[in-house]
Novice: 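Please read through the structure below; I'll follow up with questions.
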Amino acid sequence: MKDTDIKRLLYTHLLCIFSIILSVFIPSFFLENFSILETHLTWLCICSGFVTAINLVLYLVVKPNASSKRSSLSHKVTRFLKCCIYFLMSCFTFHIVFVLYGAPLIELVLETFLFAVILSTFTTIPCLCLLGPNLKAWLRVFSRNGVTSIWENSLQITTISSFAGAWLGALPIPLDWERPWQVWPISCTLGATFGYVAGLVTSPLWIYWNRKQLTYKNN
């Protein structure tokens with residue numbers, strides 16, 4: 001494992017973190033009274049768009065899983081459409097899971113769905129950028145000892161940390177604190193965001209610390 005690969009991973013993650021920071025500050029110059037809490041749904045849409053755009057650009061530039069085969073235009077279009085379908089399926093799946101775990105079924109539907117969108121942005125989008133619409137590859141990466149590169153190792157960490165952050169963010173909701181950030185799903189989305197950022201920061205550091213013990217099988 002080369003240190004330059006870990007540096008590329010670190011720089012990529014720093015840019016992803018920067019995209020979240022931009023989603024907080026840039027809209028305030030164009031939207032009146034913009035804030036994460038007061039205009040939370042607007043921020044969710046903007047943050048999802050920023051993170052998605054940065055992920056697409058970075059993986060097109062870095063190409064961690066670049067293939068030597070040239071694909072036709074029709075293949076690229078088909079792959080893109082499949083990725084869009086996978087993303088929408090992920091959003092609807094998360095939405096259903098949230099309802100099963102206690103989210104309002106009829107009320108706050110938009111809030112619940114946008115929570116599903118932001119969580120899909122933090123988890124599904126990186127999977128699609130790195131692995132494509134390939135369920136076998138997804139199952140391989142998230143199985144035990146299934147990763148084949150530091151990028152897939154990092155994907156594991158950021159995905160798990162995003163889910164963990166979303167789950168931890170739900171814990172304060174039933175508490176009688178009457179804080180504005182306890183309104184559904186603000187604490188969950190903030191928890192997922194902090195979890196995603198934590199995964200982006202810790203995964204390159206963890207990989208660098210354990211680089212001598214990590215071995216990857218060839219694809």
Novice: Sub-3.5 Å donor-acceptor pair from the side chain of T39 to the main-chain atoms of T42, do we have one?
Specialist: no
Novice: What side-chain donor-acceptor pairs closer than 3.5 Å can you find for residues 193-207, not counting sequence neighbours?
Specialist:
{"unit_1": "T193", "atom_1": "OG1", "unit_2": "T189", "atom_2": "O", "d": "2.7"}
{"unit_1": "T202", "atom_1": "OG1", "unit_2": "A198", "atom_2": "O", "d": "2.8"}
{"unit_1": "S203", "atom_1": "OG", "unit_2": "H13", "atom_2": "ND1", "d": "3.3"}
{"unit_1": "S203", "atom_1": "OG", "unit_2": "S154", "atom_2": "OG", "d": "3.2"}
{"unit_1": "S203", "atom_1": "OG", "unit_2": "G199", "atom_2": "O", "d": "2.8"}

Novice: If you define the side chain from C-beta out and look only at heavy atoms, does anything of P27 sit under 4.5 Å from W43?
Specialist: no
Novice: In this structure, would I21 and I36 fall into the same cluster of hydrophobic residues linked by side-chain contacts under 4.5 Å?
Specialist: yes
Novice: May I ask you to establish whether R8 and Y11 are in a cation-pi arrangement, using a distance under 6.0 Å from NZ or CZ to the six-membered ring centre and at most 45° from the ring axis?
Specialist: no
Novice: Which word best sums up how the rings of F98 and F115 line up, parallel for under 30°, tilted for 30 to 60°, or perpendicular for over 60°?
Specialist: parallel
Novice: For L175, is there any backbone N or O sitting under 3.5 Å from a side-chain donor or acceptor partner on Q182?
Specialist: yes
Novice: Nearest 0.5 angstrom please: N55 CG to S19 OG, how far?
Specialist: 7.0 Å
Novice: Looking at residues at least two apart in the chain, or sitting in another chain, which of them share a ring-ring contact (aromatic ring centres under 6.0 Å, His included) with F163?
Specialist: F94
Novice: Sequence neighbours left out, what passes ring-ring contact (aromatic ring centres under 6.0 Å, His included) with F87? Give chain and number order.
Specialist: none
Novice: Got H95 and V109 here, is their nearest side-chain heavy-atom distance under 4.5 Å?
Specialist: yes
Novice: Are L31 and I46 side-chain neighbours, meaning at least one heavy-atom pair lies under 4.5 Å?
Specialist: yes
Novice: Between T159 and Q156 (side chain of the first, backbone of the second, donor and acceptor by atom type, cut-off under 3.5 Å), is there such a pair?
Specialist: no
Novice: For L60, check side-chain contact (heavy atoms from CB on, under 4.5 Å) against everything at least two apart and list the hits.
Specialist: none
Novice: Apart from V57 itself, which Ile, Leu, Val, Met, Phe, Trp or Tyr residues share its cluster (side-chain heavy atoms under 4.5 Å, direct or through members)?
Specialist: V61
Novice: With sequence neighbours excluded, what pairs up with F18 under the ring-ring contact (aromatic ring centres under 6.0 Å, His included) test?
Specialist: none
Novice: Indicate the atoms forming the closest heavy-atom contact of V51 with F122, along with that distance.
Specialist: CG2-CE2, 4.1 Å
Novice: Applying side-chain contact (heavy atoms from CB on, under 4.5 Å), can you list everything that pairs with L58, at least two apart in sequence or on another chain?
Specialist: T12, L15, C16, I54
Novice: Would you compute the distance between atom CG of L9 and atom CD1 of I150 and round it to the nearest 0.5 angstrom?
Specialist: 5.0 Å
Novice: Who are the side-chain contact (heavy atoms from CB on, under 4.5 Å) partners of I186, not counting sequence neighbours?
Specialist: L37, H40, W181, V183, L190
Novice: Once you round to the nearest 0.5 Å, how far does CG of L130 lie from OG of S149?
Specialist: 6.0 Å
Novice: What's the spacing between E152 CD and L155 CG if we round to 0.5 Å?
Specialist: 7.5 Å
Novice: Would L73 and L81 show up in the same hydrophobic cluster when neighbours are defined by side-chain heavy atoms closer than 4.5 Å?
Specialist: yes
Novice: Which ILVMFWY residues can you reach from I96 by hopping between side chains whose heavy atoms are under 4.5 Å apart?
Specialist: L100
Novice: Side chain to side chain contact (heavy atoms under 4.5 Å, CB included), that's the test. Do F142 and C127 meet it? Break it down for me.
Specialist: CA-CA 11 Å; F142 291 100; C127 289; 3.8 Å; yes
Novice: Given 3.5 Å as the limit, does a donor-acceptor pair link the side chain of T121 with the main chain of T52, or not?
Specialist: no
Novice: So do I26 and F50 actually touch side chain to side chain, heavy atoms under 4.5 Å?
Specialist: yes
Novice: State which residues pass side-chain hydrogen bond (donor to acceptor under 3.5 Å, both in side chains) with T124; sequence neighbours excluded, sorted by chain then number.
Specialist: S90
Novice: Please say yes or no: joined through hydrophobic side-chain contacts below 4.5 Å, possibly via intermediate residues, are M89 and L139 part of one cluster?
Specialist: no
Novice: Work out which heavy atom in L128 is nearest to a heavy atom in R79; give both atom names and the distance.
Specialist: O-NH2, 4.5 Å
Novice: Test of understanding: with side-chain hydrogen bond (donor to acceptor under 3.5 Å, both in side chains), list the residues that count as partners of S74, not counting sequence neighbours.
Specialist: S72
Novice: Out of curiosity, K82 NZ to F80 CZ, how far, rounded to the nearest 0.5 Å?
Specialist: 14.5 Å
Novice: Counting C-beta onward and ignoring hydrogens, is there a side-chain heavy-atom pair between C45 and L114 closer than 4.5 Å?
Specialist: yes
Novice: Is C129 close to L56 at the side-chain level, that is, under 4.5 Å between some pair of heavy atoms?
Specialist: yes
Novice: Could you tell me which non-hydrogen atom of S48 sits nearest to which non-hydrogen atom of I118, and how far apart they are?
Specialist: N-CD1, 3.8 Å
Novice: List for me each residue that meets side-chain contact (heavy atoms from CB on, under 4.5 Å) alongside A137, sequence neighbours excluded, and say none if there are none.
Specialist: L131, N134, R140
Novice: To the nearest 0.5 Å, how far apart are CD1 in I6 and CG in L10?
Specialist: 9.5 Å
Novice: Do Y101 and F113 sit in one hydrophobic cluster, given that two such residues count as connected whenever their side-chain heavy atoms are within less than 4.5 Å of each other, even indirectly?
Specialist: no
Novice: Short question: side chain of W138, backbone of P133 - any donor-acceptor pair under 3.5 Å?
Specialist: no
Novice: Do the side chains of F25 and F34 get nearer than 4.5 Å, heavy atoms only?
Specialist: no
Novice: When hydrophobic residues are tied together by side-chain contacts of less than 4.5 Å, even through go-betweens, does V99 share a cluster with I106?
Specialist: yes
